[in-house]
Amino acid sequence: MSRIVVKVGSNVLTRRDGMPDVTNMSALVDQIASLRESGHEVVLVSSGAVACGRGAVTPRKELDAVASRQLYSSVGQIRLINLYNQLFGAYGIVVGQVLTQKENFASRTSYLNQRACMLTMLDNGVIPIVNENDTASLTELMFTDNDELSGLIATMTDADTLIILSNVDGIFTGSPSDPDSHLIERVEPGRDVSEYVVAAKSGFGRGGMGTKCGIASKVAAEGVAVLIARGNRPGILVDLIEHPETVPHTLFEPSAAPLSNIKRWIAHSGSFAKGIVRVNARAADVLVSDRAVSLLPVGITAVEGEWEEGDIISIIGPDGRHIGIGRAAMASAEAQVSTGKRGQRPLVHYDYLYIE
Ligand code: GLU
């Protein structure tokens, strides 16, 4: 049995006129039901609330971006979830709605709380259908898009596989419509394919291939296989799991040395950093080497910002390059006093350090 997180984009789930694409949705539900039948556990990360809301309500006066996102998502989300409930209900499958936001991943306590919720649902045979709570999220604190959210959910639930369904077959060496470009079938751990990604994003959703690529590499480095494929290709989900060689897709191979659970959380916490420590060249070299080392005050040249013990901090090298993220073992005031000194206890212990 394996655990699979399936992320479906707005373009797969909604039609141009803002109505749910019932044909695509029921095809996906049929396949998820069949995967469950074969013993797989599935978590669904579904976009489409805003796109669906557009077809359902016409604002009485012009709205700014935040108000329209709130209005459309409030209306669209229940349409989507109702439809999922009906479609899965026909198979006797119980679904539950998880509306979440970035703050729920910010502290270790809220992260573990969110994780426990997902695992309880799975343990009880309920399919979690996850989306960002677009009515409540503050613009500056939103997920880049649901690709980012699905990456967090995949690592948080210890999934084996993350499948990102979009409206293209995967990552191409150029524009997918250009006959000279071809599909990249495999991306080995550590290989950077970002140079191939066309900046433009398509249709309704917030994300594009650029974010998909970044998220896919990061999640694969954390030990989860990531597959990007076209969501409206008949039978795509089942084929990807059972006969992947028969369908076009891009696979980001999982790293053979996956991160511990706490490092996975830290890896995704960069945007919550409360402060910065700058380190000298020697410390930077040691940190980026393969050795399991902690960040010691002797290598620190500056402490910026104020934080408490347990907060997330960013580590920057002498050239200004971002080296990694860690959980501080002491508050900024104590770090300040120890800066540059030998024989001090580590500011970030190796177990709580994520080097990028
Ligand atoms: N949460 C948004 C929605 O349901 C989608 C965000 C995205 O496009 O990734 O409409």
Side-chain angles (χ1 to χ4, degrees), residues 5-22 24-25 28-29 43-57 59 63-85 87 95-105 114 118 127-154 162-168 171 197 199-216 218-219 226 228-232 268 271:
V5 174
V6 178
K7 186 263 166 177
V8 197
S10 303
N11 295 314
V12 179
L13 298 170
T14 46
R15 301 188 323 208
R16 289 246 143 252
D17 61 3
M19 298 305 281
D21 191 324
V22 183
N24 277 353
M25 281 178 75
L28 288 169
V29 168
V43 175
L44 182 58
V45 177
S46 176
S47 300
V50 172
C52 247
R54 276 208 180 95
V57 59
L63 298 177
D64 64 21
V66 174
S68 51
R69 187 180 73 230
Q70 290 172 325
L71 176 70
Y72 292 143
S73 65
S74 68
V75 173
Q77 178 65 22
I78 52 170
R79 298 204 156 200
L80 273 183
I81 211 80
N82 269 328
L83 198 47
Y84 277 128
N85 194 36
L87 294 168
V95 296
Q97 174 177 254
V98 177
L99 289 180
T100 191
Q101 55 200 89
K102 215 163 183 177
E103 287 95 308
N104 296 339
F105 296 80
Q114 183 73 89
M118 308 284 302
I127 296 192
I129 303 185
V130 187
N131 195 1
E132 180 162 11
N133 186 353
D134 292 302
T135 60
S137 294
L138 294 169
T139 306
E140 56 282 13
L141 280 182
M142 289 181 80
F143 294 107
T144 317
D145 50 41
N146 272 3
D147 299 324
E148 185 186 10
L149 173 60
S150 68
L152 270 163
I153 297 287
L162 166 64
I163 300 178
I164 299 182
L165 294 180
S166 167
N167 55 358
V168 281
I171 295 176
V197 174
K201 69 169 201 69
S202 58
F204 282 137
R206 284 211 297 274
M209 226 10 120
T211 55
K212 283 185 182 45
C213 212
I215 296 294
K218 189 164 180 173
V219 172
V226 184
I228 302 180
R230 187 151 60 79
N232 61 1
H268 288 273
S271 52

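Read the numbers this way: they start at 1 and go in the same order the structure lists the ligands and their atoms. Worth knowing before you read on, the calculation uses all heavy atoms, side chains too, and leaves out hydrogens, waters and symmetry mates. These numbers come from a predicted model, not from an experiment.
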- Item | ligand 1-proximal atoms of N131, by part, heavy-atom distance under 4.0 Å | side chain

- Query: Going by heavy atoms, is G48 under 4.0 Å from ligand 1?
  - Reply: yes

- One finds that the ligand 1 atoms under 4.0 Å from a non-hydrogen atom of D145 are 9 (O)

- Query: Relative to the heavy atoms of S47, which atoms of ligand 1 are at a distance of less than 4.0 Å?
  - Reply: 4 (O), 5 (C), 7 (C), 9 (O)

Minimum side-chain heavy-atom gap [X]-[Y] below 4.5 Å:
X	Y	answer
Y84	L44	yes
N131	N146	yes
R54	S68	no

- Query: Judging by distance only, is a nitrogen or oxygen of A49 under 3.5 angstrom from one on ligand 1?
  - Reply: yes

- Query: N/O of D147 under 3.5 Å from N/O of ligand 1, yes or no?
  - Reply: no

- Task: Name all residues meeting the salt bridge (charged side-chain N to carboxylate O under 4.0 Å, His left out) criterion together with K218; count only those two or more places apart in sequence or in a different chain, and write none if there are none.
- Result: none

- What heavy-atom pair brings L80 and A49 nearest, and what distance separates the two atoms? CD1-N, 3.5 Å

- Task: Using side chain to side chain contact (heavy atoms under 4.5 Å, CB included) as the criterion, point out the one residue from L28, V45, I228 that pairs with L165.
- Result: L28

- Message: Given T144, N11, L149, D134, identify the one with the heavy atom nearest to atom 1 (N) of ligand 1.
- Response: D134

